[in-house]
Amino acid sequence: MLALLRIISVFFYFLLINILLVLICLCRPFHRDNVHLAGKLYSSTCRLLGLKLEVRIAPEAQRGGPYIFIANHQNSYDIFTICAAALKGTVTVGKKSLKWIPIFGQVYWLSGNIMIDRKNSGRAMDTLKNTVNKMGKRKLSVWFFPEGTRSYGRGLLPFKSGAFRIAKLAKRPVIIVAASNLENKIKLNRWDNGTLIIDVGKPYELDDSRTTREWTEYFHQVMQDKIAQLDSEVAASNR
């Protein structure tokens with residue numbers, strides 16, 4: 001019974017949020033803070049899911065910028081969880097096909113997110129180069145999921161190098177956004193689904209001491225270590 005009530009309540013609450021966001025985005029299309037607002041509203045759904053979010057933001061991440069944010073991508077619940085860490089002036093990079101999803105797709109587009117055609121690598125790179133120009137002109141930070149897909153319990157997948165190429169091209173620091181394990185965390189028939197910790201770290205400058213591939217591997221290891229630390233903290237709090 002609890003699971004059924006949750007599914008119904010989340011469906012209508014999510015629909016209401018998207019209708020509200022459509023209206024807001026129509027009033028201020030492509031505004032630099034639309035993604036931040038959407039993240040706050042979407043993450044409020046966690047209350048209905050019985051999940052407590054603990055978002056930690058390094059003071060350095062709230063100063064300066066723009067930044068390249070890289071985050072781990074676990075499953076479909078990410079839309080309700082890690083989005084809570086999207087700071088003001090941040091947009092995401094997503095598949096062009098997302099805009100065809102009813103209501104949500106229109107919100108995603110009107111929020112000012114960057115949509116790329118992954119099937120056409122040349123066009124995708126042109127889009128990302130234009131992103132560098134937008135970062136400079138509008139002082140936008142850009143959020144990537146460098147794994148390129150959801151991990152679904154397989155651990156942190158290998159990173160694609162696009163985010164780090166952009167960071168070097170734009171000469172902007174990288175910030176790691178790491179969330180503790182979400183796989184099998186949410187049980188719809190369980191009242192209390194515990195705590196998820198999301199950590200927004202300090203900026204890392206990319207110098208010439210490493211190649212882009214080496215930086216990609218470096219950040220993969222740093223994020224993996226951070227996730228392990230957060231998982232340990234969650235496990236300790238549950239004892």
Side-chain angles (χ1 to χ4, degrees), residues 1-18 35 38-58 69-86 92-95 97-98 101 103-105 107-108 118 143-160 163 175-201 216-217 219-239:
M1 180 60 74
L2 178 58
L4 179 60
L5 289 174
R6 272 215 170 111
I7 291 170
I8 294 171
S9 60
V10 167
F11 173 80
F12 283 105
Y13 187 65
F14 186 66
L15 181 62
L16 180 63
I17 286 173
N18 280 286
V35 173
K40 293 299 181 187
L41 291 175
Y42 286 144
S43 63
S44 67
T45 307
C46 286
R47 297 171 188 168
L48 297 177
L49 295 171
L51 183 69
K52 179 184 176 182
L53 294 183
E54 181 181 334
V55 182
R56 304 170 180 174
I57 303 175
F69 291 97
I70 57 169
N72 55 323
H73 200 7
Q74 300 188 64
N75 56 37
S76 297
Y77 284 117
D78 283 340
I79 193 172
F80 302 130
T81 57
I82 202 165
C83 65
T92 71
V93 174
K95 296 180 293 185
S97 59
L98 287 173
I101 300 174
I103 303 180
F104 172 78
V107 169
Y108 191 82
R118 288 183 179 173
W143 178 298
F144 288 85
F145 289 112
E147 294 164 279
T149 189
R150 299 173 182 88
S151 58
Y152 291 117
R154 292 172 288 173
L156 190 64
L157 301 179
F159 284 177
K160 299 182 185 303
I175 290 179
I176 291 174
V177 182
S180 59
N181 181 48
L182 183 58
E183 190 66 18
N184 296 319
K185 178 84 173 178
I186 299 173
K187 302 291 185 182
L188 295 177
N189 59 353
R190 183 170 59 196
W191 185 256
D192 185 356
N193 284 306
T195 300
L196 186 82
I197 304 175
I198 303 169
D199 183 273
V200 181
T216 302
E217 293 170 353
F219 281 109
H220 185 276
Q221 186 61 55
V222 173
M223 184 181 287
Q224 199 164 46
D225 293 343
K226 174 56 71 173
I227 293 169
Q229 176 198 322
L230 298 178
D231 287 345
S232 296
E233 289 187 47
V234 173
S237 68
N238 290 334
R239 292 193 188 111

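Just so you know, these numbers use all the heavy atoms, side chains as well, and skip hydrogens, waters and symmetry mates.
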Backbone N/O of [Y] and side chain of [X]: donor-acceptor pair under 3.5 Å:
X	Y	result
R6	L48	yes
E147	F159	no
D199	L230	no
N75	R150	no
E183	S151	no
K52	D192	no
H220	L157	yes

Rounded to the nearest 0.5 Å, what separates atom [atom1] in [X] from atom [atom2] in [Y]?
X	Y	atom1	atom2	answer
L5	L188	CG	CG	11.0 Å
I198	S180	CD1	OG	7.5 Å
N189	I7	CG	CD1	10.0 Å
L182	L51	CG	CG	7.0 Å

Can you give me the closest heavy-atom contact between [X] and [Y], atom names plus distance?
X	Y	answer
Y108	V93	OH-C, 3.6 Å
N181	L196	O-CD1, 3.6 Å
A179	I82	CB-CD1, 4.0 Å
A163	I70	CB-CG2, 4.0 Å
L53	S43	CD1-CB, 3.9 Å
I17	L41	CD1-O, 3.2 Å

Is there a side-chain contact between [X] and [Y] in this structure, where contact means two heavy atoms from C-beta onward sitting under 4.5 Å apart?
X	Y	answer
T149	H73	no
V234	K185	yes
F219	P146	no
I176	V222	yes
V10	F80	yes

Pair N18-Y42, side-chain donor/acceptor within less than 3.5 Å: yes
Between E233 and Q229, is any side-chain donor less than 3.5 angstrom from a side-chain acceptor? yes
Hey, is CZ on R190 packed in by over 12 heavy atoms from elsewhere, all under 6.0 Å? yes
Is the NZ atom of K160 crowded by more than 12 outside heavy atoms at less than 6.0 Å? no
Less than 4.0 angstrom from a charged side-chain N to a carboxylate O is my criterion; do R56 and E54 meet it? yes
What is the ring orientation for F145 with W143, classed by angle as parallel under 30°, tilted 30 to 60°, or perpendicular over 60°? perpendicular
